[in-house]
*Asks:* 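For reference, the structure I am asking about is given below.
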Protein chains: 2
Amino acid sequence: MSSRAATRVFQGVEEQIATGQLKDGAKLDEASLAERFEVSRTPVREALLQLVGSGLATQIPKRGCFVKAPSLRDMVEMFEVMSELEGMCARLAARRISDEQLAELKAANVGCEDAIKANDSDLYYHKNVDFHECIYIACGNSFLANETRSLRRRLQSFRRLQLRVRGRMPQSLGEHFEIVEAIEAGDADQADRISRQHVMIQGERFHDLLVHMERGG
Amino acid sequence: MSSRAATRVFQGVEEQIATGQLKDGAKLDEASLAERFEVSRTPVREALLQLVGSGLATQIPKRGCFVKAPSLRDMVEMFEVMSELEGMCARLAARRISDEQLAELKAANVGCEDAIKANDSDLYYHKNVDFHECIYIACGNSFLANETRSLRRRLQSFRRLQLRVRGRMPQSLGEHFEIVEAIEAGDADQADRISRQHVMIQGERFHDLLVHMERGG
DNA sequence: GTAGAAATTATCGTATACAAAAATAAGATG
DNA sequence: CATCTTATTTTTGTATACGATAATTTCTAC
C-alpha cells in the first residue's frame, strides 16, 4: 500500500500540484505517470487512489483521474474549519495539559523566538509546526490531533508562502505567547479565541496574497 | 479506483467490521479476501488501501493489513470532534441560512416528528439524517459539510443502535426544535451550544450502552 | 534438549498481460 | 456538406506472473 514506489509517485504528484506544475483539471494519465516515475501502472494506480482519498484528485469511472486543485473558495472554507479545529485543540489543551507538556510548549515557543532572532523563516516554519504539535498532543484527543494535522498538511504549502509576508513572523509569535499564557492559566475560552484568530489571520493574509498574485505579482 | 469490484470488497469488509464479524486486529489476508469476494488480488488491494485511508485498517509494510476497530476511547474522541463540527455547522447556518433552506429544515423536522408519531425508529433515523443534512448545506461551507458527513458516517452504525434507547427519540426531537428556533432567530451561539449538546448526549448514551453491553447484555 | 543458523515457505510489492468500455477517427448516407 | 453509424484505437479495470522480503521450519552444533 504505502509501498516505496507508490509513495514516491504520490508525493511527487502532490508536490507538482502544490507547485502548480499540475494545474486544476489536468488529466493524471496512468501511462504517462508510470513512464515519468519509471514504474509500472500498478503503483501509479495506488498513488492515484490515495490522491483521490486526500481530495487532491477526482476520479470519473472509466475516464480517469483529474487534478482537483482547491479553489480560492475551497481554501477559505478549509481555513474556516482549521481555525475551529485549532481553537478546539487549544481549548482542550487548556483543560488537559500536563506540566511536562506545558514545559515543552514553552520550549517550542522559545524555538520560534530564536528563529525570528536569526531571521530564518524556514527554521521558524519548522519551529512553528513543533509549537502547534505540542498543543495537538496536549489536547488529549488523538483523533482530533490527527484530523488537525491532516488539514494543516493540506494548507501547508500555501502557509509556507504566507509566513514570508513582511512582519508576520513577530506578530505570529506574539499570538503564540498569548496562547501559551491562556493555556497555562487554564483559560479554555481565551485559548480557543486566540487560536482561532491566529489561524484566521493567516487565512486572511493568505487570501490577500492570492488576490495580489492574481493581479499580476 | 472506485471500480465495481474494489468498491464491493471495500463495502463488504467495512460492513463486516461494523457488524463485528471482523474483529479488531484481525488480519485482512489478500488471498482469502480475493477468494471470498471472487476477485483477484488487485481490487482487494485497492479496497484495503481505501480502508487504511478511512482509518478502518492499519498497514504494516511487508506484513499486511489488520482491522483497526475503534476502541471505546476512539469513539469518545470522535464524538467529541463530531460535537464540535455539528456545533460549527449550526453556528454558521444561523448566520447564513436562506429562507428556502430554513423552510426545508423545518419540513425535515416535521418528518422526524411524523416518524415518532408512527413509532418508526428506522424512518426516524433517515429523517434525522435529512434534518442534519439541511444544516450542513445551510452552513455555506461545503468542506465543513463533507468532513462532518464523513465523520457522521463513521459513527453511523453505532448511532443507529443508540437511537433505540428508550425515550431518546422524543428528547432528540425536542433538541431539534431548539436548534431550529436558534437558527431561525439567527442566534449562532445558542445554535452552536444546543447542537454540541445534542451530539454529546448521543455520545454519552452510546457510551452507557457500550458499558452495558460489555457487562453482559 | 535447546539455541542458533540455514533452508523453505508464504506473502507482499511490482510488473506485465488481457478484457471491457469509452474516446476518436473513418466512412457511408441523407 | 453535415450527421449518423461503425471501426479503430486508446485507456481503464482486472487477472496473473514474478521477484523480494519476512516468517517459519528444519537442521546442525553444543
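Below, chain A is the first sequence line, B the second, and so on; all start at residue 1. Worth knowing before you read on, the calculation uses all heavy atoms, side chains too, and leaves out hydrogens, waters and symmetry mates.
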*Asks:* Can a side-chain donor-acceptor contact be found between B:Y124 and B:S172 if the only test is distance below 3.5 angstrom?
*Replies:* yes
*Asks:* Any side-chain N or O of A:K27 less than 4.0 Å from the OP1 or OP2 oxygen of D:dT12?
*Replies:* yes
*Asks:* Tell me: CZ of B:R4 to C1' of C:dA21, nearest whole Å?
*Replies:* 11 Å
*Asks:* Whole angstrom is fine here: how far is it from CD in A:E30 over to C1' in D:dG13?
*Replies:* 9 Å
*Asks:* Under the rule for side chain to side chain contact (heavy atoms under 4.5 Å, CB included), what residues qualify as partners of A:T58, not counting sequence neighbours?
*Replies:* A:K68
*Asks:* Once you round it to whole Å, what is the distance between P of C:dC12 and CD of B:E46?
*Replies:* 16 Å
*Asks:* List for me each residue that meets side chain to side chain contact (heavy atoms under 4.5 Å, CB included) alongside A:S98, sequence neighbours excluded, and say none if there are none.
*Replies:* A:E100, A:Q101
*Asks:* Rounded to the Å, how far apart are A:D29 CG and D:dT12 C1'?
*Replies:* 10 Å
*Asks:* Taking side-chain hydrogen bond (donor to acceptor under 3.5 Å, both in side chains) as the definition, give me every residue that meets it alongside A:S32, ordered by chain and number, with sequence neighbours left out.
*Replies:* A:D29
*Asks:* For A:N109, check side chain to side chain contact (heavy atoms under 4.5 Å, CB included) against everything at least two apart and list the hits.
*Replies:* A:C112, A:F131, A:L173, A:H176, A:F177, A:V180
*Asks:* What pairs of residues pass the salt bridge (charged side-chain N to carboxylate O under 4.0 Å, His left out) test when at least one of them lies in residues 125-146 of chain A, not counting sequence neighbours?
*Replies:* A:E133-A:R149
*Asks:* Between A:Q59 and D:dG13, is there a side-chain N or O to OP1/OP2 distance below 4.0 Å?
*Replies:* yes
*Asks:* What integer distance in Å separates B:L48:CG from C:dT14:P?
*Replies:* 15 Å
*Asks:* In this structure, how many angstroms lie between the P atom of C:dT11 and the CZ atom of B:F66, rounded?
*Replies:* 11 Å
*Asks:* Does the pair B:R152/B:E147 count as a salt bridge with the N-to-O cut at 4.0 Å?
*Replies:* no
*Asks:* Can you give me the N/O atom pairs linking the protein to nucleotides 21-23 of chain D at distances under 3.5 Å, or say none if there are none?
*Replies:*
unit_1 : atom_1 : unit_2 : atom_2 : d
D:dA23 : OP1    : B:R63  : NE     : 3.1
D:dA23 : OP1    : B:R63  : NH1    : 3.2

*Asks:* Applying side chain to side chain contact (heavy atoms under 4.5 Å, CB included), name anything that partners B:S40, two or more places apart in sequence or on another chain.
*Replies:* B:T42, B:P43
*Asks:* Which pairs, protein N/O on one side and nucleotides 15-17 of chain C N/O on the other, fall under 3.5 Å?
*Replies:*
unit_1 : atom_1 : unit_2 : atom_2 : d
C:dA15 : OP2    : A:S40  : N      : 2.6
C:dA15 : OP2    : A:S40  : OG     : 2.9
C:dA15 : N7     : A:T42  : OG1    : 2.9
C:dT16 : O4     : A:T42  : OG1    : 3.4

*Asks:* Taking only residues two or more places apart in sequence, or in another chain, which ones meet A:R96 in a salt bridge (Lys or Arg N to Asp or Glu O under 4.0 Å)?
*Replies:* B:E80
*Asks:* Describe, as an angle rounded to 10 degrees, how the axis at the first end of the helix from C:dG1-D:dC30 to C:dG30-D:dC1 is tilted relative to the axis at the last end, five pairs per end.
*Replies:* 10°
*Asks:* Rounded to the Å, how far apart are B:R45 CZ and D:dG13 P?
*Replies:* 17 Å
*Asks:* What residues form a side-chain hydrogen bond (donor to acceptor under 3.5 Å, both in side chains) with B:R73, not counting sequence neighbours?
*Replies:* B:E77
*Asks:* Could you list the residues that satisfy salt bridge (Lys or Arg N to Asp or Glu O under 4.0 Å) with B:E104, not counting sequence neighbours?
*Replies:* none
